[in-house]
Every structure is written in C-alpha cells, then in structure tokens.
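Protein chains get the first letters and strands the later ones, always in sequence-line order, with residue 1 at the start of each. We use all heavy atoms of the structure for the numbers below, so side chains are in, but hydrogens, waters and symmetry mates are not.
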Number of protein chains: 2
Amino acid sequence: MVDDAEKKLLADAGHRIRETRAAQGLSLEQLARLTGISAPALSLIETGKRDPRLTTLKRIADALRVAPATLIADGPGTVEPSASSSAGGYDLGEYQ
Amino acid sequence: MVDDAEKKLLADAGHRIRETRAAQGLSLEQLARLTGISAPALSLIETGKRDPRLTTLKRIADALRVAPATLIADGPGTVEPSASSSAGGYDLGEYQ
DNA sequence: GCTATCTTTATCGAAAAAGGTAAGCTGGCG
DNA sequence: CGCCAGCTTACCTTTTTCGATAAAGATAGC
C-alpha cells in the first residue's frame, strides 16, 4: 500500500524531470554540472529508483527553470480539498 | 549560495506544514500516526532542520489532505515558463 | 566491425534521514 | 506547587541518499 503509491510517485516525478530535461536538450552530464548532482544519481532519480531529498529536487527544478511543484504535481492524485467533506479518506477515528 | 537558499526552502516548507497541521487541529503525535513518521522527525521537518525525502513529503501531504506541491510552493521562486526567453539566467555557456 | 555519446548499473565511502527512546522545556489547569 | 499535554532536543541504530568512479548496455554514425 505504502510502497505502491510511493513508487508511482517517484516514477512520475522522474518521468517529468526527464521530459523537462529532454525538452531543453540537456544530457545527464550537463544537468549534473548545473545541479551539482552526479549523473548516476540523476539517472536513478529519473528512473524512479531513488527517493530524492527536498533540496535535491529543488536544485533540479532550479537548473531546469521550473517550479519544484511542477516536477511532483501528482496530476490525478491531487485530491484538492474540494470534497473535504466529512467523508474524507480517514479521520483518525480510533486514534484520536 | 547553496546552503542559504536551501535552508530557506526547508524552513518555508516546514512552516507551511505546521500551518496546515495546526489549521486542522492535529498534534504532532496524531500526524505521526497518520503518516507513519515519528513525531520527533516531524518536529525536525517543521522546524526546517531536516531535509525530507520526496515520499516523506508525500505522506505528510496525504495525511493533511493537500497536494504535495502546496507544501513546497516556493512563492516567489515560481518563475513560471512565461518568459522562457533565450535570456535565461544561465545557459551553461562554458560548460557545454 | 569500430567508435563516440548517452545512459544505466554496480561498488565504495561519507553523510544524512528516519524510527525509537528518553530527557528537557514550555504552558495551562486543577 | 504538581501534573499533563505538546513540542524540542539528544543519543543510538538502521537504512538510504549522494558523489565518485568504473564498468556495462544502448544507439547512431563512420
């Protein structure tokens, strides 16, 4: 449960990074120099095999000239507090 | 340069998390149970002393019922590819 | 086939995240 | 005052990121 959704998130973010990088005609090595993150590390992130830190994500976003949020915008998942109804996913219930 | 902007990013995200959590009347322990992240770890993140991983951020966002992007939306930094002009900040130049 | 470029994978060492626990620290309340 | 709830900080252990490097795919062109 936990792992599944998270892997999708990482694969998604990685895919978005790769798309943005490719759109700018940058190679992994070029992005590595811009970000200070090694090319192998970038490869792992882009292929969803690594769980990057927030600052790592930010450095990539900066190098690509996009907002960090752009890279992780979980398209569909964005539940958006539209239906913040009382029937939310979980309400702590027993835990409170 | 690196450290300064990054600390601000972490402090900012942490502040946003704390605001959101407080707005929902949740304690650190309650959020800890919802996210599976320990309360001490959450405290460090909220005070900007820790650089969370992407999945960690996602779990917090999920528990708070907000989009992950909401928590890191770097207000001003959001350059938005409006002026993606050729006169960008840096063009790799010597590095390519 | 060979070569160059890009990417992926593997290994190693250092640094850091994260859980757990425990110890402080603050404020409110009886 | 003592007590409690909430948050912070410190220590420890395990896991993971990350850089560096090297090696191994994968294409494309000579």
Side-chain angles (χ1 to χ4, degrees), chain A residues 1-64 68 71-72 92 95-96, chain B residues 1-64 68 71-72 92 95-96:
Chain A
M1 157 212 191
V2 186
D3 219 46
D4 210 40
E6 291 184 348
K7 286 208 302 183
K8 190 170 168 301
L9 172 81
L10 295 181
D12 225 54
H15 192 249
R16 222 172 304 246
I17 291 172
R18 171 148 301 181
E19 274 183 345
T20 309
R21 175 175 64 85
Q24 302 188 16
L26 293 173
S27 70
L28 278 182
E29 281 210 358
Q30 288 173 328
L31 184 58
R33 277 188 291 246
L34 287 175
T35 56
I37 301 167
S38 68
L42 287 173
S43 177
L44 290 175
I45 293 171
E46 287 191 351
T47 51
K49 296 185 178 64
R50 184 169 288 189
D51 192 356
R53 297 176 193 165
L54 180 52
T55 57
T56 302
L57 206 67
K58 176 68 163 28
R59 283 199 278 177
I60 295 173
D62 280 356
L64 295 176
L71 302 178
I72 63 173
L92 358 197
Y95 286 122
Q96 81 177 350
Chain B
M1 158 211 190
V2 185
D3 219 48
D4 210 41
E6 291 184 348
K7 286 208 301 182
K8 189 171 170 297
L9 171 80
L10 296 181
D12 224 55
H15 192 248
R16 222 172 306 246
I17 291 172
R18 172 148 301 182
E19 273 183 345
T20 310
R21 175 176 63 86
Q24 302 186 16
L26 292 173
S27 70
L28 276 184
E29 281 210 358
Q30 289 173 330
L31 185 58
R33 278 188 291 247
L34 286 175
T35 57
I37 300 166
S38 68
L42 287 174
S43 176
L44 290 175
I45 293 172
E46 287 191 350
T47 50
K49 295 184 179 64
R50 183 168 288 188
D51 191 357
R53 298 176 193 162
L54 180 52
T55 58
T56 302
L57 206 68
K58 176 69 162 27
R59 283 198 278 176
I60 296 173
D62 281 357
L64 295 177
L71 302 178
I72 64 173
L92 10 185
Y95 286 120
Q96 75 176 353

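- Checked against side chain to side chain donor-acceptor pair (under 3.5 Å), A/Thr20 has no partners two or more places apart in sequence or in another chain.
- For the pair B/Glu29 CD and D/dC4 P, the interatomic distance rounds to 15 Å; values are reported in whole Å.
- Judged by distance alone with a 3.5 Å cut-off, a donor-acceptor contact links the side chain of B/Arg50 to the base of C/dA18.
- By the 6.0 Å contact criterion, CD on B/Glu29 is open, its count of non-hydrogen atoms from other residues, nucleotides or ligands being 12 or less.
- At least one side-chain heavy atom of B/Glu6 sits under 4.5 Å from a side-chain heavy atom of A/Arg59.
- Across the protein-nucleic acid pair, A/Lys7 atom NZ and D/dT16 atom C1' stand 16 Å apart, rounded to whole Å.
- Between the CZ atom of A/Arg53 and the C1' atom of D/dG19 there is a distance of 11 Å, given to the nearest Å.
- B/Glu46 is listed as a side-chain neighbour of B/Leu28, based on a closest heavy-atom distance under 4.5 Å.
- Going from atom CG of A/Leu26 over to atom P of C/dT5 covers 17 Å, rounded to whole Å.
- Contact annotation: A/Thr47 does not reach the phosphate of C/dT7 (side-chain N/O to OP1 or OP2, under 4.0 Å).
- Residue B/Ile37 is classed as a sugar-phosphate contact, given heavy-atom separations below 4.0 Å to backbone atoms only.
- Residues B/Leu42 and B/Ile60 form a side-chain contact, since some pair of their non-hydrogen atoms from C-beta on lies under 4.5 Å apart.
- Taking atom CG on A/Leu44 and atom C1' on C/dA10, their separation rounds to 10 Å, with Å as the unit.
- Atom CG in A/Leu31 sits roughly 19 Å away from atom P in C/dT5 (whole-Å rounding).
- Of the candidates C/dT8, C/dA18, D/dC7, the closest approach to any side-chain atom of B/Ile45 belongs to C/dA18.
- You'll find the side chain of A/Leu64 reaches within 4.5 Å of the side chain of A/Leu31, heavy atoms only.
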Query - B/S/- contact track for nucleotides 20-30 of chain D, protein heavy atom under 4.0 Å - result: -B---------
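- At whole-Å resolution of the value, NE2 in B/His15 and P in D/dC7 are 14 Å apart.
- A sub-4.0 Å separation between OP1 or OP2 of D/dG6 and a side-chain N or O of B/Arg21 is absent.
- Checking C/dT8, D/dT17, C/dA18 against the side-chain heavy atoms of B/Thr56 singles out C/dA18 as nearest.
- Regarding contacts with the backbone of C/dT8, every side-chain N or O of A/Lys49 stays at 4.0 angstrom or more from both OP1 and OP2.
- What separates CG of B/Leu54 from P of D/dT17 is a distance of 11 Å, to the nearest Å.
- Taking 4.0 angstrom as the limit, A/Ser43 places none of its side-chain polar atoms (N or O) nearer than this to OP1 or OP2 of C/dT9.
- When atom types are taken as modelled, the side chain of B/Asp51 and the backbone of A/Thr55 share a donor-acceptor pair closer than 3.5 angstrom.
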